[in-house]
Engineer: 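Following this message is one structure expressed as C-alpha cells.
Atom set for the values below is all heavy atoms of this structure, side chains included, hydrogens, waters and symmetry mates excluded.
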Amino acid sequence: MASRLHAFNRFELKYLVPVEQAAEIRDELAERMDRDLHSPVGGYGVWSLYYDTPQLRFYWEKIEGLKFRRKLRIRHYGNLEQVTDDSPVCVEIKQRVNRVTQKRRITLPYGVARRLCDGREMVDHSAKESAFIQEVLELIVRLNLKPTAITGYQREALVGREADTGLRVTFDRRVRGRDRDFHFGIQTPENRFTIPPHLSVMEIKVNERTPHWITDLAARRNLNLVRISKYVQSIEAFGLAPRSVFHINEADCPPSTPTEEQPRQQRPAQHDASLKVGAQ
C-alpha cells in the first residue's frame with residue numbers, strides 16, 4: 001500500500017482585511033504569483049471537524065499562547081453536498097512549536113476516518129503509516145477527545161514562482177462554523193458566521209523567510225498582523241467558552257454574486273469611509 005502520509009513545516013502570518021481590499025491584494029499578488037492548480041475561480045470549500053477534550057484543552061492552550069500546542073481535525077476539501085463514506089478526507093494533527101506551524105496528515109476515506117476518530121478503532125494502514133495512526137488513536141483515547149466544532153470557508157490560493165517556490169498566500173472568506181451536527185454530509189446545517197462576512201482572512205505561508213516584496217505590500221496597505229484561529233472563533237461564537245464574540249446566522253448573509261472575481265478595473269470603487277467601517 002502506497003503511503004498516504006504528508007508532513008510539512010511552515011511559518012504563517014495572518015491578516016484580517018475587508019473582502020474588497022482582499023480582492024485588490026489578490027489582483028496585485030497575481031502579477032508575481034500563480035493561482036494554485038487546485039483553486040478554481042471563486043475558490044473552493046474547506047471544512048474541518050475539530051476534536052477537543054470536554055474541558056476544551058486545545059482551545060485554552062491557544063488562548064494562553066503555549067509555545068507547544070496542537071489540534072486534531074478531519075478536513076474535507078470541496079463541496080459537502082456529495083460527501084459519502086468513500087469521499088477522501090485528511091486526518092490531521094496541526095501543532096505549533098514556537099513560531100513554526102507543523103502539519104502531519106493522512107488521507108483516508110471519510111468512513112474510515114470516522115471509525116478511527118469517532119469509533120476509536122484501529123484501521124488498515126501500511127507500515128509507514130503505523131506511527132501516525134497510533135499517535136492519533138492514542139491522543140483520542142488518552143485525552144478523551146470528542147467532536148467539538150466544525151469550521152468552513154471559501155478559499156482562494158496563490159503560489160509563488162521560481163525563487164518564491166515555498167510561498168503560498170490564501171484568502172478565506174465567509175468563515176463560518178457550528179457546534180453540532182458534526183457529520184459533513186448533513187442536510188441544511190445551522191452554521192453561523194464566526195468572522196463577520198465582510199472580512200477575509202489573508203494568510204502568508206512560507207517555508208523559511210517571507211519575501212521582502214510581500215512585507216513591502218503589507219506595509220504599503222497598512223495591514224496589521226492578527227492572532228486569529230478559526231477554531232477558537234467557532235468555540236467563542238457558540239458560547240462554548242466565556243469569550244463569545246459573533247452571532248450571525250449564515251442564512252442572514254447569503255453569498256453575493258462573484259464580483260470579487262472581476263478584474264480590478266471592473267469592480268466599483270469603494271469609498272474610504274466604507275473601508276474604515278470594514279476595518280473597525
Engineer: Could you state whether V206 and V97 fall into the same hydrophobic cluster, counting links through intermediate Ile, Leu, Val, Met, Phe, Trp or Tyr residues with side-chain heavy atoms under 4.5 angstrom apart?
Structural biologist: no
Engineer: Counting only heavy atoms not in E138, do more than 12 fall under 6.0 Å of its CD?
Structural biologist: yes
Engineer: Just do the side-chain contact (heavy atoms from CB on, under 4.5 Å) check on L29 and L217 with the steps written out, would you?
Structural biologist: CA-CA 9 Å; L29 290 175; L217 181 151; 3.8 Å; yes
Engineer: Which value, rounded to the nearest 0.5 Å, describes the distance between L16 atom CG and L199 atom CG?
Structural biologist: 4.5 Å
Engineer: Below 4.5 Å, heavy atoms only, C-beta onward: do V201 and F171 meet side chain to side chain?
Structural biologist: no
Engineer: Do the side chains of L167 and R32 get nearer than 4.5 Å, heavy atoms only?
Structural biologist: no
Engineer: When rounded to the nearest 0.5 angstrom, what is the spacing between CE in M202 and CG in L13?
Structural biologist: 9.0 Å
Engineer: Can you confirm whether R209 is buried at CZ, in the sense that more than 12 heavy atoms of other residues, nucleotides or ligands lie under 6.0 Å from that atom?
Structural biologist: no
Engineer: Considering all heavy atoms of both residues, which atom of G166 and which atom of N207 are nearest to each other, and what is their separation?
Structural biologist: CA-ND2, 3.5 Å
Engineer: Shortest non-hydrogen contact from N144 to P54?
Structural biologist: O-CD, 3.6 Å
Engineer: Any side-chain heavy atom of L158 sitting closer than 4.5 Å to one from R26?
Structural biologist: yes
Engineer: Backbone N or O of F184 within a donor-acceptor pair of the Y110 side chain at under 3.5 Å?
Structural biologist: yes
Engineer: Can you tell me if R96 uses its side chain to pair, donor with acceptor, with the backbone of N98 under 3.5 Å?
Structural biologist: yes
Engineer: For atom CD of Q82, decide whether the heavy atoms of other residues, nucleotides or ligands shown that lie under 6.0 angstrom number more than 12.
Structural biologist: no
Engineer: Are the side chain of T215 and the backbone N or O of H212 linked by a donor-acceptor pair below 3.5 Å?
Structural biologist: yes
Engineer: Whether R70 and E135 form a salt bridge (side-chain N of Lys/Arg under 4.0 Å from carboxylate O of Asp/Glu) is what I want to check.
Structural biologist: yes
Engineer: Does R220 CZ have over 12 foreign heavy atoms under 6.0 Å away?
Structural biologist: yes
Engineer: Please tell me whether F193 and H198 form a close aromatic pair, meaning their ring centres lie under 6.0 Å apart.
Structural biologist: no
Engineer: Got a donor-acceptor contact below 3.5 angstrom from the E121 side chain to the R115 backbone?
Structural biologist: no
Engineer: Not counting sequence neighbours, list each pair that qualifies as a ring-ring contact (aromatic ring centres under 6.0 Å, His included) and has a residue in residues 62-90.
Structural biologist: none
Engineer: Does any non-hydrogen side-chain atom of I235 lie less than 4.5 Å from one of L56?
Structural biologist: yes
Engineer: What are the two closest heavy atoms between Y15 and L223, and how far apart are they?
Structural biologist: CD2-CB, 3.5 Å
Engineer: Kindly work out whether a path of hydrophobic side-chain contacts (I/L/V/M/F/W/Y, heavy atoms less than 4.5 Å apart) joins L139 to L66.
Structural biologist: no
Engineer: Is I204 reachable from I25 through a run of hydrophobic residues whose side-chain heavy atoms are each under 4.5 Å from the next?
Structural biologist: yes
Engineer: Using 0.5 Å steps for rounding, measure from the CZ atom of R178 to the CG atom of L49.
Structural biologist: 9.0 Å
Engineer: As a quick check of understanding, evaluate side-chain contact (heavy atoms from CB on, under 4.5 Å) for S234 and I150, giving each step before the final call.
Structural biologist: CA-CA 8 Å; S234 285; I150 281 183; over 6 Å; no
Engineer: Exactly one of R105, R4, R104 should register a salt bridge (Lys or Arg N to Asp or Glu O under 4.0 Å) with E129. Which one does?
Structural biologist: R4
Engineer: For residues 37-57, which residue pairs qualify under salt bridge (charged side-chain N to carboxylate O under 4.0 Å, His left out), counting only residues two or more places apart or in two chains?
Structural biologist: R57-E61
Engineer: Assess whether a salt bridge exists between E203 and K205, defined as any Lys/Arg side-chain N lying under 4.0 Å from an Asp/Glu carboxylate O.
Structural biologist: yes
Engineer: In sequence, state the C-alpha distance, the side-chain angles, and the governing distance for V175 and T151, and then conclude on side-chain contact (heavy atoms from CB on, under 4.5 Å).
Structural biologist: CA-CA 7 Å; V175 181; T151 67; 5.7 Å; no
Engineer: Please name the pair of heavy atoms, one in P88 and one in T107, separated by the smallest distance, quoted to 0.1 Å.
Structural biologist: CB-CG2, 4.1 Å
Engineer: Are E190 and R192 close enough, and set up right, to give a side-chain contact (heavy atoms from CB on, under 4.5 Å), and what steps lead you there?
Structural biologist: CA-CA 7 Å; E190 295 184 9; R192 287 182 183 174; over 6 Å; no
Engineer: Tell me whether K71 forms a cation-pi arrangement with Y231, defined as NZ or CZ under 6.0 Å from the six-membered ring centre and within 45 degrees of its axis.
Structural biologist: no
Engineer: What distance separates K230 NZ from T194 OG1, expressed to the nearest 0.5 Å?
Structural biologist: 9.0 Å
Engineer: Atom CD in E92, atom CG in L72: separation rounded to 0.5 Å?
Structural biologist: 9.0 Å
Engineer: If every non-hydrogen atom of S229 is compared with every non-hydrogen atom of K62, which pair is closest and at what distance?
Structural biologist: CB-CE, 3.8 Å
Engineer: Rounded to the nearest 0.5 Å, what separates atom OH in Y44 from atom CG in N79?
Structural biologist: 14.5 Å
Engineer: Is any NZ, NE, NH1 or NH2 atom of the basic residue among D36 and R168 found under 4.0 Å from an Asp or Glu carboxylate oxygen of the other?
Structural biologist: yes
Engineer: Between G78 and W47, which heavy-atom pair has the shortest distance, and what is it?
Structural biologist: O-CD1, 3.7 Å
